[in-house]
Amino acid sequence: MDELGLNKLFAGLLVAGLLLMTGVKLAEILVPHSELEQNAYVIEVPEGGAVADAAPADSGPEPIMALLASADVAAGEKLAKKCTACHVFDKGGANKVGPALWNVVNADKGVAEGFGYSSALAEFGGQWDYASLNAFLAKPKAYISGTKMNFAGLKKPQDRANMIAYLRQQADSLAALPTDEQIAAESGS
């Protein structure tokens, strides 16, 4: 590049810089800077660290007893196909990685014949009533810490209700549906 070319390049850069400075000054004149009296988005933070205290408590899974009477057993059967890798639902079916689930509704926990339960589940106690099935199906490891069951759970209440309705059908005799008092007690009303 000759000397005239370098002069043109330098002059171009100089003009560009002057135009930029002129643009900035013109923008400051047209839109003057001013401090806001109040932030556009006000975030109210309680004083004294109450934010940590206000963390939501885990209140357990959503109630499903009111959904059981109208639950879709066929949808529950479809959901149960995910479980067939570990469980069998047929009468007289042999235990797999998980226990056979025939007659599981209202059965005692951790007592399926010939199955080696985790100590956490075997010692948990109680029966597989609708409330405990709901809690277990929602998050097995949260309901019984230390269970060997590797299943994330069913998040949707309707899915849990359908699954429990299917489990209810897999029995010698159907367990009674929840009473109005049990439904009200579960929902807290």
>> Please give me the minimum heavy-atom distance between P157 and I64, naming the atom from each residue.
In response: O-CG2, 3.4 Å
> Do V105 and L133 have side chains that get closer than 4.5 Å, going by heavy atoms?
Replying inline: yes
> Which distance, rounded to the nearest 0.5 Å, do you find between the CG of L13 and the CG of L18?
Replying inline: 11.0 Å
>> More than 12 heavy atoms of other residues, nucleotides or ligands under 6.0 Å from NZ of K8: yes or no?
In response: no
>> What's the separation between atom OG in S118 and atom CD1 in I144, rounded to the nearest 0.5 Å?
In response: 7.0 Å
>> Assess the residue pair Y143 and L137 against the criterion (side-chain contact (heavy atoms from CB on, under 4.5 Å)); give the C-alpha distance rounded to whole Å, side-chain angles, the decisive distance to 0.1 Å, and a yes or no.
In response: CA-CA 9 Å; Y143 182 66; L137 290 173; over 6 Å; no
> G116 and K148: which non-hydrogen atoms are nearest, and at how many Å?
Replying inline: O-NZ, 2.9 Å
>> Looking at H87 and P99, would you say the former's side chain and the latter's main chain have a donor-acceptor pair under 3.5 Å?
In response: yes
>> Check the orientation of F115 and Y117. Use parallel for under 30°, tilted for 30 to 60°, and perpendicular for over 60°.
In response: perpendicular
> How far does CG of L154 sit from CE of M163, to the nearest 0.5 angstrom?
Replying inline: 6.0 Å
> Are L167 and W128 close enough that some pair of their side-chain heavy atoms sits under 4.5 Å apart?
Replying inline: no
>> Using modelled atom types and a 3.5 Å cut-off, is there a donor and acceptor pairing between side-chain atoms of E186 and backbone atoms of M65?
In response: yes
>> Using every non-hydrogen atom in the two residues, find where N162 and D72 come nearest and quote the distance to one decimal.
In response: OD1-N, 2.8 Å
> Going from NZ on K109 to OG on S132, what distance comes out if it is rounded to the nearest 0.5 angstrom?
Replying inline: 4.0 Å
> Which atom pair, heavy atoms only, marks the closest approach of L177 to Q182?
Replying inline: O-OE1, 4.4 Å
>> Show, in sequence, the C-alpha distance, side-chain angles and deciding distance for K141 and T147, and conclude whether the side-chain contact (heavy atoms from CB on, under 4.5 Å) test is met.
In response: CA-CA 6 Å; K141 291 199 181 282; T147 182; 4.1 Å; yes
>> Is there a side-chain contact between L79 and Y166 in this structure, where contact means two heavy atoms from C-beta onward sitting under 4.5 Å apart?
In response: no
>> Please check if the number of heavy atoms outside E113 that lie under 6.0 Å from its CD is greater than 12.
In response: no
>> Restricting to non-hydrogen atoms, name the atom on L68 and the atom on A165 that form the minimum distance, rounded to 0.1 Å.
In response: CD2-N, 4.2 Å
> Linking I/L/V/M/F/W/Y whenever any side-chain heavy atoms sit under 4.5 Å apart, do V31 and L26 land together?
Replying inline: yes
> Can any side-chain N or O of K91 pair as donor or acceptor with the backbone N or O of A171 at less than 3.5 Å?
Replying inline: no
> Taking all atoms of both residues into account, what is the closest heavy-atom pair of A161 and L67, and its distance?
Replying inline: CB-CB, 3.7 Å
>> Please tell me whether Y130 and W102 are part of a single hydrophobic cluster in this structure, the criterion being side-chain heavy atoms less than 4.5 Å apart.
In response: no
>> Checking F89 against C83 for the side-chain contact (heavy atoms from CB on, under 4.5 Å) test, could you report, in this order, the C-alpha distance in whole Å, the side-chain angles of both residues, the deciding distance, and whether it holds?
In response: CA-CA 9 Å; F89 297 92; C83 309; 3.8 Å; yes
>> Using a strict threshold of under 4.0 Å (side-chain N to carboxylate O), is an ion pair present between K156 and E62?
In response: no
>> Nearest 0.5 Å, please: how far is NZ in K25 from CG in L30?
In response: 13.0 Å
> Do any N or O atoms from the side chain of D2 and from the backbone of G5 form a donor-acceptor pair under 3.5 angstrom?
Replying inline: yes
> Could you state the interatomic distance from CG (D172) to CG (N103), rounded to the nearest 0.5 Å?
Replying inline: 4.5 Å
